[in-house]
Amino acid sequence: MKEDKKNNDLLTKLNELLKDEKELMILKGQLQSPEKQIKEDGQIYYTFTLKTVKKYTNDLYSTGFSTYYIVIPTSVSAKLSDDDIKDMKGNEVLVLLDPSCRTKIITARESGNKYKVNHNINLYCIDIMKVRDVERTIDNSKVISL
């Protein structure tokens with residue numbers, strides 16, 4: 001019961017934060033594979049993948065991850081430099097996203113009640129912020145020579 005109240009309080013705060021906004025997505029993860037793209041008219045935009053960690057239990061081996069493909073549109077890319085993207089690469093970032101989703105329901109011809117739902121979701125970055133540097137060091141004292 002206490003957990004339900006905590007979730008309800010969080011949802012109330014989120015509702016106040018969103019105000020009139022109906023679609024907003026926030027992800028935190030590691031920015032990977034950034035690529036600079038140039039449109040035919042010379043405008044620059046970026047794309048990258050974001051790796052998010054999913055911790056299912058307290059067990060170290062019960063960890064999974066999701067990977068998202070994200071586009072930084074030209075309007076947002078204009079505020080970023082190549083050095084900004086280079087600084088965020090491989091590090092943890094917080095990304096505010098505008099999702100665009102189209103759902104297509106496909107019904108089977110032989111049976112009118114069987115169907116498949118196909119989701120096409122595109123994620124567009126509204127804003128991005130580096131949260132922390134991800135340390136990628138190996139403790140040499142733990143390496144065993146064979």
Listed partners of Glu23 passing side chain to side chain donor-acceptor pair (under 3.5 Å), at least two apart
none
Can you get from Leu24 to Met129 by hopping between Ile, Leu, Val, Met, Phe, Trp and Tyr side chains that sit under 4.5 Å apart?
yes
Which atom of Pro73 lies closest to which atom of Cys125, heavy atoms considered
CD-O, 3.3 Å
Rounding to 0.5 Å, atoms NZ (Lys13) and CG (Leu18) come to a distance of 14.5 Å
Under 4.5 Å side-chain heavy-atom separation, chaining through any Ile, Leu, Val, Met, Phe, Trp or Tyr, what else clusters with Leu80? Say none if it is isolated.
Met25, Leu27, Leu31, Ile38, Ile44, Tyr46, Phe48, Leu50, Tyr68, Ile70, Ile72, Val76, Ile85, Met88, Val93, Val95, Leu97, Ile121, Leu123, Ile128
How far does OG1 of Thr47 sit from CD of Gln37, to the nearest 0.5 angstrom?
4.5 Å
Run Asn15 and Leu11 through side-chain contact (heavy atoms from CB on, under 4.5 Å) and show every step you take.
CA-CA 6 Å; Asn15 188 42; Leu11 290 175; over 6 Å; no
Salt bridge (charged side-chain N to carboxylate O under 4.0 Å, His left out) pairs touching residues 68-87, sequence neighbours excluded, are Lys36-Asp82, Asp87-Lys130
Are Leu96 and Leu14 in one and the same hydrophobic cluster, where Ile, Leu, Val, Met, Phe, Trp and Tyr link if side-chain heavy atoms are under 4.5 Å apart?
no
A quick test of your reading: do over 12 heavy atoms of other residues, nucleotides or ligands sit less than 6.0 Å from CG of Asp41?
yes
To check you understand the geometry: which heavy-atom pair defines the closest contact between Val71 and Tyr45, and what is its length?
CG1-CD1, 4.1 Å
Exercise: identify the closest heavy-atom pair between His119 and Cys101:
ND1-SG, 4.2 Å
Please confirm whether the backbone N or O of Thr52 pairs with a side-chain atom of Ser66, one donor and one acceptor, at under 3.5 Å?
no
Walk me through it: do Arg102 and Asn122 pass the test side-chain contact (heavy atoms from CB on, under 4.5 Å)?
CA-CA 9 Å; Arg102 290 170 299 287; Asn122 296 317; 3.1 Å; yes
